[in-house]
4 protein chains.
Amino acid sequence: MTDHGVHEATPASPEALKGQEPVRRGRGRTRDSATTAAILDAAMELLVEEDLRKFTIERLASRAGVSKATIYRWWPSRGAVALDAFLNAVDPHVPFPKTTDFLTALRFQASALVRVFRETPAGHVVRALLAEAQSDPDLADAFRTRWVEARRDSGRAVFRRAQESGQIRSDLDLETAIDLVYGPIYYRLLATHQPLTDKFVDDVTAYALRGLAP
Amino acid sequence: MTDHGVHEATPASPEALKGQEPVRRGRGRTRDSATTAAILDAAMELLVEEDLRKFTIERLASRAGVSKATIYRWWPSRGAVALDAFLNAVDPHVPFPKTTDFLTALRFQASALVRVFRETPAGHVVRALLAEAQSDPDLADAFRTRWVEARRDSGRAVFRRAQESGQIRSDLDLETAIDLVYGPIYYRLLATHQPLTDKFVDDVTAYALRGLAP
Amino acid sequence: MTDHGVHEATPASPEALKGQEPVRRGRGRTRDSATTAAILDAAMELLVEEDLRKFTIERLASRAGVSKATIYRWWPSRGAVALDAFLNAVDPHVPFPKTTDFLTALRFQASALVRVFRETPAGHVVRALLAEAQSDPDLADAFRTRWVEARRDSGRAVFRRAQESGQIRSDLDLETAIDLVYGPIYYRLLATHQPLTDKFVDDVTAYALRGLAP
Amino acid sequence: MTDHGVHEATPASPEALKGQEPVRRGRGRTRDSATTAAILDAAMELLVEEDLRKFTIERLASRAGVSKATIYRWWPSRGAVALDAFLNAVDPHVPFPKTTDFLTALRFQASALVRVFRETPAGHVVRALLAEAQSDPDLADAFRTRWVEARRDSGRAVFRRAQESGQIRSDLDLETAIDLVYGPIYYRLLATHQPLTDKFVDDVTAYALRGLAP
DNA sequence: AGATAAGCGAGACGGTACGTCCAGTCTTTAC
DNA sequence: GTAAAGACTGGACGTACCGTCTCGCTTATCT
């Protein structure tokens with residue numbers, strides 16, 4: 001992995017996915033992948049260690065055993081590193097459920113998300129990233145593209161298939177439909193007025209199914 | 001307004017709760033209400049001026065023509081002032097709709113919220129407050145109690161009335177039901193993957209009605 | 001001592017010399033004289049410890065147990081602190097020699113300077129200050145006014161008296177005359193092509209006397 | 001010019017001393033004289049452009065279109081390049097005056113120096129080099145040997161000849177005598193308390209002549 | 001009418017982090 | 001083997017805020 005999304009391209013560039021090498025970029029010393037890894041690992045560590053206010057470039061550099069300049073060479077901001085570290089650790093793509101039943105498929109995905117938020121540090125990190133994004137437009141863009149939309153893509157496919165098999169109505173605004181399921185989950189994640197229980201996922205998906213039925 | 005919620009033991013609190021005026025709290029010069037107002041006004045100004053990163057105590061003090069110490073005397077943090085300034089400018093309570101029809105009432109409230117987010121600086125400020133709350137537990141509590149729950153109370157009443165009149169099912173988890181409507185709205189506010197249109201409100205409420213129908 | 005020359009006024013302001021207090025400058029916490037002293041002392045220490053490249057604000061701050069901001073609040077640059085520290089430790093004024101004999105008086109002053117350069121850290125510091133001044137016009141001004149001219153004043157008086165008593169010619173350019181004595185000394189201090197011996201002082205002053213004789 | 005003095009063991013040195021061209025020194029690509037020239041030219045440009053603080057290896061490399069490593073391969077420090085660039089542009093040797101009259105000869109040399117300081121960028125550069133030399137012993141050595149002493153050699157010859165022809169006393173310390181003329185000039189160059197005028201040169205040389213007369 | 005307190009503006013202070021720049025060194029490829 | 005490109009550590013720069021702390025003045029109320 002040689003490239004850090006927020007900067008210029010997607011992290012998993014096509015070449016990388018095919019297992020090919022980063023390709024030569026002319027002369028000069030090549031980027032040290034151990035350094036990059038150290039930074040991303042240290043970032044994930046810091047992100048997990050509760051107090052988000054302690055996620056500073058200075059701390060990150062010393063934790064990774066790297067100079068600040070090296071971090072700034074590759075990432076434009078705190079949030080950018082955080083996002084890369086997060087996506088480096090958590091794959092934004094949800095595996096397709098095997099079933100063709102809409103409710104089951106929807107629950108599969110919603111549960112997967114909620115479980116990740118609840119049982120891994122990801123919940124913490126997503127909260128931090130969304131918070132940071134509120135005052136950093138570049139990060140907002142990157143986060144939307146690389147996390148929000150990546151997950152929504154998976155959801156979109158499920159909804160579309162259900163539409164094709166007639167399990168939900170056909171005059172549907174797909175985007176709104178997805179928000180109906182993901183919206184409540186993120187709302188609870190951020191506002192913390194109620195916990196993210198399995199029951200909650202079941203209820204939300206059940207209501208959605210009924211609301212979207214043909 | 002003299003009570004600044006986030007601050008647990010604000011001198012004026014007890015009296016304020018009883019609706020009485022600040023009254024005397026022993027000897028000494030009394031709190032200058034003009035100063036308080038200047039701070040809250042300046043805070044709201046700064047909050048509105050786009051770049052949230054510029055909302056610092058230092059700037060706030062100089063903008064309000066006040067010393068930093070005076071701010072720290074009454075509020076424990078940036079977020080606390082911001083919240084007070086916000087609630088000082090925007091009433092968290094939604095007027096009860098005149099109608100008894102559930103869908104109309106629900107739309108009334110959802111539209112009111114979306115319109116405030118879209119057409120006033122409140123959207124901006126709520127985003128900032130929610131962001132700040134992710135790393136400030138005290139602010140999170142205060143924001144939840146004084147904004148989130150205050151609005152949800154209005155919503156809860158509407159849902160309850162609809163339940164009583166049989167417009168929606170009776171075995172309902174009210175909290176989840178409210179999330180079904182507010183969740184998607186906050187999700188769009190924060191993730192900005194799609195705009196907060198009137199059509200969106202109509203769709204969300206319509207889907208919810210069908211999902212919650214008896 | 002409240003004022004640090006390079007900034008706005010002379011360090012030993014008239015009031016200070018008369019033993020009067022720094023005078024109140026309106027409201028606000030007063031400047032901590034212990035802090036100022038700690039900075040100047042630490043600066044002098046660093047200045048003396050050979051390697052001038054180690055005289056950095058960062059080191060100075062940590063050595064003085066003071067924050068960088070405090071240093072920057074009172075001095076505009078490295079050189080400014082250095083100059084104040086130097087003048088705080090070394091009085092630029094040369095005591096008047098008791099004699100009225102020109103050669104004796106001249107030697108008295110020249111020897112005093114050379115001895116200070118040779119036997120105290122002052123030589124080191126003056127070299128550093130002159131070096132720094134070559135790329136810092138503000139420092140150059142301050143150094144010229146507060147060190148160079150202060151010393152030259154003493155010299156000027158001696159030359160003037162000798163002129164009045166007819167020991168040296170009367171159609172003399174005083175400035176050039178002083179350069180004739182001080183020039184060679186500073187030249188050796190900086191170029192180090194030859195050592196600053198007592199013999200050298202004797203020779204220079206003797207040649208000058210003969211060159212300036214009526 | 002391939003020998004860069006400050007650098008003791010410059011690869012090209014031996015050949016250069018024999019006056020031959022760089023020639024082949026074993027295998028591999030030969031040193032690019034265009035590169036060397038580009039560096040020295042760029043260095044002189046930067047040196048002249050007023051702000052000495054901008055004379056950094058980084059800037060020099062990019063200005064010369066050369067990599068930093070190439071500069072470090074041939075010169076040990078900032079000052080070393082600066083000195084080479086300076087001597088590459090200004091010949092340290094003063095042509096012998098045709099006259100045998102001491103005062104005329106002395107004035108010839110002193111005027112030449114002052115004119116170079118006043119009318120070319122050399123004054124600026126000498127100031128920078130002397131400043132840098134105060135904290136770089138290697139540069140100090142090189143500057144003394146290659147500039148200071150080279151000029152003094154010319155002066156020494158003039159003094160010696162005057163001594164032989166009886167124009168000045170014979171029990172003279174030559175080094176002190178030279179300082180008597182050059183000292184005041186460098187002093188004014190560096191302390192800038194008075195300008196370097198022609199009148200000044202005339203006065204200094206005249207006083208010296210009288211001081212040194214038999 | 002004092003005395004006693006608090007409120008308040010001004011601003012000094014030790015800290016921490018910012019984002020930038022440069023010094024030197026090292027690594028890779030091109031010539 | 002020289003050179004260009006450029007990655008990398010390390011350290012200082014000067015700035016901005018943080019939260020705390022005097023300081024001296026003002027404004028109340030309590031004795």
Side-chain angles (χ1 to χ4, degrees), chain A residues 24-32 34-36 53-54 56-62 65-74 76-78, chain B residues 11 24-32 34-36 53-54 56-62 64-74 76-78, chain C residues 24-32 34-36 53-62 64-74 76-78, chain D residues 11 24-32 34-35 53-54 56-62 65-74 76-78:
Chain A
R24 293 272 57 228
R25 300 171 287 305
R27 289 193 278 193
R29 181 171 172 178
T30 44
R31 181 169 180 182
D32 187 341
T35 297
T36 308
R53 275 166 295 204
K54 287 191 177 169
T56 66
I57 298 283
E58 208 113 311
R59 263 184 155 73
L60 176 56
S62 95
V66 140
S67 87
K68 274 200 296 174
T70 300
I71 299 176
Y72 280 114
R73 200 195 318 283
W74 302 109
S77 68
R78 229 161 66 104
Chain B
R24 297 279 59 231
R25 318 169 267 310
R27 289 192 278 192
R29 182 171 170 178
T30 45
R31 181 169 180 181
D32 187 340
T35 297
T36 308
R53 275 165 296 205
K54 288 190 176 170
T56 64
I57 298 282
E58 207 114 310
R59 267 182 152 76
L60 175 57
S62 96
V66 139
S67 87
K68 279 198 296 173
T70 301
I71 298 177
Y72 281 113
R73 200 192 319 280
W74 303 110
S77 70
R78 225 162 68 104
Chain C
R24 293 263 57 222
R25 301 173 287 306
R27 289 192 282 191
R29 182 170 171 177
T30 44
R31 180 168 181 183
D32 187 341
T35 297
T36 307
R53 274 165 297 204
K54 287 191 177 169
F55 185 82
T56 64
I57 299 282
E58 209 113 310
R59 262 184 155 74
L60 176 56
S62 95
V66 140
S67 86
K68 274 201 296 174
T70 300
I71 298 176
Y72 280 114
R73 200 190 323 280
W74 302 109
S77 69
R78 226 163 66 103
Chain D
R24 306 270 52 232
R25 301 173 284 304
R27 290 189 281 187
R29 184 167 165 179
T30 44
R31 179 167 180 187
D32 188 341
T35 296
R53 274 165 296 204
K54 288 190 177 170
T56 64
I57 299 281
E58 206 115 311
R59 267 183 153 77
L60 175 56
S62 97
V66 138
S67 84
K68 278 199 295 174
T70 303
I71 297 176
Y72 281 115
R73 200 192 316 283
W74 302 108
S77 69
R78 225 161 70 104

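Protein chains get the first letters and strands the later ones, always in sequence-line order, with residue 1 at the start of each.
The side chain of C:Trp74 places an N or O atom within less than 4.0 Å of a non-bridging phosphate oxygen (OP1 or OP2) of E:dC13. Listed pair C:Thr30 / E:dC13 fails the phosphate criterion, with no side-chain N or O lying under 4.0 Å from OP1 or OP2. For E:dG7, the OP1/OP2 oxygens have no side-chain nitrogen or oxygen of B:Thr70 closer than 4.0 Å.
The nearest pair of heavy atoms linking A:Lys54 to A:Arg59 is O-CD, 2.7 Å. The heavy-atom pair separating A:Thr36 from A:Arg31 by the smallest distance is OG1-NE, 3.1 Å.
Taking atom CZ of residue C:Arg73 and atom C1' of nucleotide E:dC13, one finds them 6 Å apart after rounding to whole Å. To the nearest angstrom, C1' of E:dT20 lies 14 Å from CD1 of A:Ile71.
The CZ atom of B:Arg78 lies 12.5 Å from the CD1 atom of B:Ile71; values are rounded to the nearest 0.5 Å.
Between D:Ser67 and A:Asp32, the residue whose closest nucleotide on DNA chain F is further toward the 5' end is D:Ser67. Residue order along DNA chain E, read from the 5' end via each residue's closest nucleotide, puts B:Ala64 first among B:Ala64 and C:Val66.
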Give the B/S/- string for nucleotides 14-19 of chain F, one per nucleotide from 5' to 3', where a protein heavy atom under 4.0 Å of the base yields B, of only the sugar-phosphate yields S, and otherwise -. BB-BBB
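Partners of C:Ser67 under the side-chain hydrogen bond (donor to acceptor under 3.5 Å, both in side chains) rule, at least two apart in sequence or in another chain, are C:Thr70.
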N/O-N/O pairs, protein side and nucleotides 3-5 of chain E side, under 3.5 Å:
residue	atom	partner	partner atom	Å
E:dT4	O3'	B:Arg27	NH2	3.3

